[in-house]
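Input: a single structure, listed below in structure tokens.
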Amino acid sequence: MRIGYPCINRTIGCRGGRTFRLSSYTEKRLLDTAGSNIACLKQILEWNLQNHILFFRITSDLIPFASHPVCTFPWQKYLGDELAQIGCFIEESGIRISMHPDQFIVLNSLDEKIVERSIAELFYHADIIDILGLGSTAKIQLHGGGLYGNPPESMARFVRRYDRLDPLIRRHLVLENDEQRFTAADCLSIHEQTGIPVLFDVFHHRCHNQGEGITEILSKIGKTWKTSDGTMMVDYSSQHPAKRRGSHAEQIDLDDFRTFLETSRPYDMDIMLEIKDKETSALAAVSLAKGDRRFV
DNA sequence: CCCTGTCAAGTCACG
DNA sequence: CGTGACTTGACAGGG
């Protein structure tokens with residue numbers, strides 16, 4: 001078991017996801033920004049290692065506009081050495097990496113142009129992971145997409161589009177249940193038809209489910225991860241006490257997290273904490289998880 | 001320096 | 001029909 005947090009570290013003072021406006025795109029701007037993002041990524045990973053945080057989600061903004069038509073610049077050539085070095089550090093340290101393309105990536109869209117853009121963005125994500133030199137245990141987590149008033153047909157469309165994806169993307173892709181469209185059960189059904197591993201989001205499941213208990217659903221989801229996929233990944237968060245249903249908590253609710261650790265005891269997993277205060281909650285979770293026999 | 005309108009991209013619920 | 005939520009404010013131009 002590893003504990004992780006996504007994209008941003010507010011303690012160490014650098015930002016790994018700086019971007020700029022499309023209208024100010026130049027090759028120099030791209031290289032400068034991406035270079036500083038990559039340097040920050042390295043700092044974050046080193047800080048994480050010192051703090052026993054061995055799971056991290058790399059921001060999709062690492063190389064701004066990398067999949068946009070405006071970017072014809074071979075950034076891989078210029079930034080590859082630095083990324084490869086970080087990749088070695090990741091491997092030596094036993095760090096696990098995930099990425100999570102944002103909401104605009106919709107594989108099952110009715111609009112072919114959206115699908116094309118989505119696939120270009122997935123290639124960019126796979127590119128980052130491959131340049132880092134990480135294998136098939138580094139994952140890109142994606143939601144099922146839209147329902148478009150016809151859930152079965154929308155699910156079937158996801159399956160068809162997945163089957164046609166380049167293996168370079170497929171080897172890293174995992175499917176995550178979301179808060180209002182595809183439940184964990186839907187994801188398991190898509191897994192049956194495609195073999196795609198399912199990434200369980202505990203909080204989304206609480207908001208949107210078909211009545212299954214956590215232990216029950218985890219036993220099924222655990223089986224969707226093959227040895228080559230690595231330990232199953234799980235997203236964990238809890239409800240913000242004041243905000244509307246589905247809003248992520250500002251800080252980790254340690255009682256709830258303790259309960260989750262107990263409930264999930266039979267299964268090993270790497271846990272991504274989707275909590276607003278990021279590394280602060282991750283540190284608290286690490287302290288708690290140190291008493292768990294699964295924790296590395 | 002501070003203020004604030006706007007930012008590549010999609011879907012859906014809510015008011 | 002406009003806005004906010006999602007993993008997340010922050011860039012950039014004008015004062």
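Side chains included, hydrogens not; waters and symmetry mates left out as well; all remaining heavy atoms used. Within every chain, numbering begins at 1; the chains are lettered A, B, ... in the order of the sequence lines, protein sequences first and strands thereafter.
- When heavy atoms are screened at a 4.0 angstrom cut-off, Lys278(A) is found touching the sugar-phosphate backbone but no base atom.
- With a cut-off of 3.5 Å on both pairing distances, the Watson-Crick or G-U wobble partner of dC12(B) is dG4(C).
- In this structure, the CZ atom of Arg57(A) is 13 Å from the P atom of dC6(C), given to the nearest Å.
- Here the side chain of Tyr148(A) is nearest to one of dC11(C), dT8(C), dT11(B), namely dT11(B).
- In the set dT11(B), dC6(C), dA8(B), the nucleotide with an atom closest to the side chain of Arg181(A) is dT11(B).
- Pair assignment for dC11(C) gives dG5(B), based on Watson-Crick or G-U wobble hydrogen-bonding distances that are each under 3.5 Å.
- The side chain of Ser23(A) places no N or O atom within less than 4.0 Å of a non-bridging phosphate oxygen (OP1 or OP2) of dC7(B).
- Taking the six-membered ring where tryptophan is involved, the planes of Phe65(A) and Phe20(A) are tilted, since the angle between them lies from 30° to 60°.
- Contacts of Phe65(A) with the nucleic acid, taken as non-hydrogen atoms under 4.0 Å apart, include base atoms.
- Rounded to the nearest Å, the gap between the P atom of dC3(B) and that of dA5(C) is 24 Å.
- Residue-nucleotide stacking is not present for Phe104(A) and dG10(B), judged by a side-chain ring centre under 5.5 Å from the six-membered base ring centre and planes under 30° apart.
- In summary, Glu112(A) and Arg161(A) engage in a salt bridge, as defined by a charged side-chain N under 4.0 Å from a carboxylate O.
- When heavy atoms are screened at a 4.0 angstrom cut-off, Pro64(A) is found touching no nucleic acid atom at all.
- No donor-acceptor pair closer than 3.5 Å links the side chain of Arg15(A) to the backbone N or O of Asn37(A).
- Nucleic acid contact for Glu274(A): sugar-phosphate only, since backbone atoms but no base atoms lie under 4.0 Å from a heavy atom of the residue.
- For the OP1/OP2 pair of dG10(B) and a distance below 4.0 Å, the side-chain nitrogens and oxygens of Arg117(A) include at least one atom meeting the criterion.
- When the P atom of dA5(C) is taken as reference, atom NZ of Lys276(A) falls 8 Å away, rounded to whole Å.
- Thr224(A) places a side-chain N or O within donor-acceptor distance of the main-chain N or O of Ile221(A), the cut-off being under 3.5 Å.
- Atom name P, nucleotides dG9(C) and dC12(B): the rounded distance is 25 Å, in whole Å.
- The separation of dC6(C) from dG5(B), taken at their P atoms, amounts to 23 Å, rounded to a whole angstrom.
- In this structure, Arg21(A) reaches the bases: a heavy-atom distance under 4.0 Å links it to at least one base atom across the strands shown.
- Between the side chains of Glu121(A) and Ser67(A), at least one donor-acceptor pair of N or O atoms lies under 3.5 Å.
- The pair Arg96(A)-Asp270(A) meets the salt-bridge criterion, with a side-chain N (NZ, NE, NH1 or NH2) lying under 4.0 Å from an Asp/Glu carboxylate O.
- Using a 4.0 Å heavy-atom cutoff across all strands shown, Thr19(A) reaches sugar-phosphate atoms only and no base atom.
- Protein atom CG of Asp61(A) is 14 Å distant from nucleotide atom P of dA9(B), rounded to whole Å.
- When the P atom is compared between dA12(C) and dA9(B), the two are found 16 Å apart, to the nearest whole Å.
- For Ile8(A), the listed nucleotide lying nearest its side chain is dT8(C); candidates were dA8(B), dT8(C), dG10(B).
- Annotation: dA8(B) and dG13(C) have their P atoms spaced 12 Å apart (nearest Å).
- The distance from atom CG of Asp111(A) to atom C1' of dA8(B) is 14 Å, rounded to the nearest whole Å.
- Among the heavy atoms of the strands, none lies under 4.0 Å from Thr59(A).
- Residue Ser118(A) is classed as having no contact, given no heavy-atom separation below 4.0 Å to the nucleic acid.
- In this structure, Leu22(A) atom CG and dG13(C) atom P are separated by 13 Å, rounded to whole Å.
- Rounded to an integer number of Å, the gap from Leu147(A) CG to dA13(B) P is 8 Å.
- One atom, CD of Glu179(A), and another, P of dC14(B), lie 10 Å apart when rounded to the nearest Å.
- Looking at which nucleotide of DNA chain C each of Gly17(A) and Pro6(A) is closest to, the 5′-most match is held by Pro6(A).
- Between Arg29(A) and the phosphate of dA12(C), there is a side-chain N or O to OP1/OP2 separation shorter than 4.0 Å.
- Although no hydrogens or angles enter the test, the distance criterion places a donor-acceptor pair under 3.5 Å between the side chain of Tyr124(A) and the main chain of Ser60(A).
- On the P atoms, dT6(B) is 25 Å away from dT8(C), given to the nearest whole Å.
- Ile105(A) has its CD1 atom 12 Å from the P atom of dA9(B), to the nearest Å.
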